[in-house]
Number of protein chains: 4
Amino acid sequence: MAGRPRSIEADAAILEATLEEYKHCGYGGLCVDAVAARAGVSKATIYRRYASKLDLVMASTVAAVPDATSQPDTGSLRGDLIQRLHALRDLLHGTGRVMRRLVSERGDYAELDAAHAQFVAERRAATASLIERAIARGEIAADVDVAFVSDLLAGPLFYRFLVHDDVVDDTYIERVVDAALGAV
Amino acid sequence: MAGRPRSIEADAAILEATLEEYKHCGYGGLCVDAVAARAGVSKATIYRRYASKLDLVMASTVAAVPDATSQPDTGSLRGDLIQRLHALRDLLHGTGRVMRRLVSERGDYAELDAAHAQFVAERRAATASLIERAIARGEIAADVDVAFVSDLLAGPLFYRFLVHDDVVDDTYIERVVDAALGAV
Amino acid sequence: MAGRPRSIEADAAILEATLEEYKHCGYGGLCVDAVAARAGVSKATIYRRYASKLDLVMASTVAAVPDATSQPDTGSLRGDLIQRLHALRDLLHGTGRVMRRLVSERGDYAELDAAHAQFVAERRAATASLIERAIARGEIAADVDVAFVSDLLAGPLFYRFLVHDDVVDDTYIERVVDAALGAV
Amino acid sequence: MAGRPRSIEADAAILEATLEEYKHCGYGGLCVDAVAARAGVSKATIYRRYASKLDLVMASTVAAVPDATSQPDTGSLRGDLIQRLHALRDLLHGTGRVMRRLVSERGDYAELDAAHAQFVAERRAATASLIERAIARGEIAADVDVAFVSDLLAGPLFYRFLVHDDVVDDTYIERVVDAALGAV
DNA sequence: ACCTAAGCGAGACGGTACGTCCCGTCTTCTG
DNA sequence: CAGAAGACGGGACGTACCGTCTCGCTTAGGT
């Protein structure tokens, strides 16, 4: 049977309180009792939803991220790639810590690895299809190394994000795309 | 007044044990008792050397990352950069999981951030000096964006390492350098 | 206005499940969720009947201890007392672990104490009335210490049950009664 | 090796604080944090010594009991038995709850059962030797049922203690002894 | 050859947060 | 309306770990 449904207000209050505490204290200093108090919720109510403090923080971050929407054809490879990197930047910016965790735990948990691999593969396939579309259009040579171009595009953004904790601007993205296209 | 000197074996055992634990557990999960046990050392012996868990982890990490030993001038910017990326690749390959953890925990523990930032700044300064040398030689324009070129160079390597868990080969490095140089 | 009547099966299942859990866990360890689960009943159904865990346990215990059904007059004090001790022995034997728990938790949970005291008082009053009947019959002196005689009677049976986990036989009971009567 | 020895002040403070809290709150209401606070001690320091709240309370009770000293020959069975019951009364009074627990957990844990059985056997043997001494002296018949007499003696005291939570006075003890002796 | 300052292993300590458990109440849906 | 299911606030439980401390023992260097 059904039972009492989980409180939607609690859901929201928990996530918001977590983000707030997180901002003030960082992960190490975040304390679940404080989150519960701020959310006006008991600890049990939090742990019913999230298995651990880590889970809680990750979920609150994920929840703060808007879904990536599918991308229209802009008519040119350059436009397509710029659009794509915008999406990547927003994804990184939105998921922040979660993406970092994912990166850090490669090899620690088999389940995560599979999910991670699939996630990466999907995104690279999407990028590859952009490039193939450009090849079909005759914009670039047919023998271009798709993986390498992908690295040139995604690399700088990931690097700035993971290592420098920076959000790049639109101009930066255009320069990256131009640099990558200049290499082929 | 001298007293018994500190044990050199303990010094080494502590650092190694810390790295090992850090690899497996990350900063949050690392527990000083476990480090002591693994090192065959008492906790007091650790705290006599390092003021806190943070200190300990930072010291062990720094020790694991060999100094960016000054690199000989190859005579050309291309040669310098290739040499530099080889060093970066070896660094990533050598430190492995430690580097992954380090990157992944950016922002989680405020204390770690400053240390991380300084470490990154040093390495970028080294790269910047290479480029300035090239400017002095007249190899490239004086108004080149050093930070951006650094991103084009380091980005793909970090990306392949962190996201794809790949160690790139020498050819890959040359292509990256050529792509970056082509962009300026 | 009548609505659905309360389930009689639930009534019984709750009491039985409570006793069972009580036997295994005592009052402190008894958990209402477990009782509900064992009874195949929801917690609300329990709390609709009993105001608290204490209420529940008391009710189930009382139900398990059959009323000191009024006992026929055998015509002699000796006969009355033997009959009474038979009843006590059967009570101890019948309630078993429950009685043990009840006794053992005296003073642990203040709420339980009042209930316990009342229960004991009722039984002693019943015994006292037997003795007063004998006084009226002139069988024994009027100034006999009723409480003391009760101790001489009940003491050995409780002792053998609680400390030695023994069920005494009919002969034993007769000897106890004779010893007690000999003392007055 | 040795390591830092446990604090004797802490030992004492914990036991005292526990008794104090116990008096005010009973077992159910006793809260380990409060004990720790009152004792000026951390919770870990308590749990290093006692595995659980129950353990803690039992130990504090046991510690409050003075050891039973060996008993001199008074020259007469009556005197010996009175002395013996005094000791029993003091034991019951002193151990209180612990004795109750012991009684209640018969059959729950095999280790406890053995200890319990041995404890009981020792005490009965001691009582038996008193009686045999009296037989040797010719005070009573050689075919007396020692076990039964023991029941008549110990029964009322246990009964009053366990069921009525009463401490009997010296006169009561004499009357019990006289009643038991009267039965042989 | 001794003495003494310091290092060391062991492990207890105060404090603080964790994640779990359970009580008694509540909310929803089903019969 | 009663009942099953189960979420909820509150609050104690017992655990883990940090950084400090107290032991008794070992290891030099200075006299």
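Below, chain A is the first sequence line, B the second, and so on; all start at residue 1.
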Handout entry: Aromatic A/Phe161 / basic A/Arg100 pairing, under 6.0 angstrom, 45° off normal
Key = yes

Practice task
Using a 4.0 Å heavy-atom cut-off across all strands, classify C/Leu54 as base, sugar-phosphate, or nothing.
Solution key: nothing

Practice task
In whole angstrom, give the distance that lies between atom CD1 of C/Ile14 and atom P of F/dA4.
Solution key: 8 Å

Handout entry: A/Ala34 vs B/Gly40, nearer the 5' end of DNA chain E by closest nucleotide
Key = B/Gly40

Completion exercise
Residue pair B/Pro5/B/Lys53 against DNA chain F: nearer the 5' end by closest nucleotide is B/Lys53

Practice task
For D/Ile8 and F/dC21, give me the distance from atom CD1 to atom P, rounded to whole Å.
Solution key: 21 Å

Practice task
Nearest whole angstrom, please: distance from the P of E/dG15 to the CZ of D/Arg48.
Solution key: 13 Å

Handout entry: Nucleotide E/dG7, atom P - distance to OH of B/Tyr50 in whole Å
Key = 14 Å

Problem - Backbone N/O of A/Val32 and side chain of A/Lys53: donor-acceptor pair under 3.5 Å - result: no

Problem - Which residue lies more 5' along DNA chain E, comparing D/Asp11 with B/Thr45 via nearest heavy atoms - result: B/Thr45

Practice task
Would you classify B/Ile46 as touching base, sugar-phosphate or nothing, given that sugar-phosphate means primed atoms plus P, OP1 and OP2, and contacts are heavy atoms under 4.0 Å?
Solution key: nothing

Problem - Rounded distance (Å) that lies between atom P of F/dG9 and atom CG of A/Asp33 - result: 14 Å

Handout entry: Any N/O donor-acceptor pair, A/Lys43 side-chain to F/dG11 base, under 3.5 Å
Key = no

Exercise for the section: Report yes if a side-chain nitrogen or oxygen of A/Arg49 is closer than 4.0 Å to either non-bridging phosphate oxygen (OP1 or OP2) of F/dC8; otherwise report no. Expected result: yes

Exercise for the section: Using a 4.0 Å heavy-atom cut-off across all strands, classify D/Ala44 as base, sugar-phosphate, or nothing. Expected result: base

Exercise for the section: Give a yes/no on whether any side-chain N or O of B/Arg6 is located under 4.0 angstrom from OP1 or OP2 of E/dG7. Expected result: yes

Exercise for the section: Please work out if A/Leu56 contacts a base, only the sugar-phosphate, or nothing of the nucleic acid, heavy-atom cut-off 4.0 Å. Expected result: nothing

Handout entry: Whichever of C/Ala10 and D/Ser52 has its nearest DNA chain F nucleotide further upstream toward 5'
Key = C/Ala10

Exercise for the section: Could you check how far OH of C/Tyr47 sits from C1' of E/dG24, rounded to whole Å? Expected result: 5 Å

Problem - Nearest-Å distance for atom pair CD/C1', residues B/Glu9 and E/dC8 - result: 12 Å

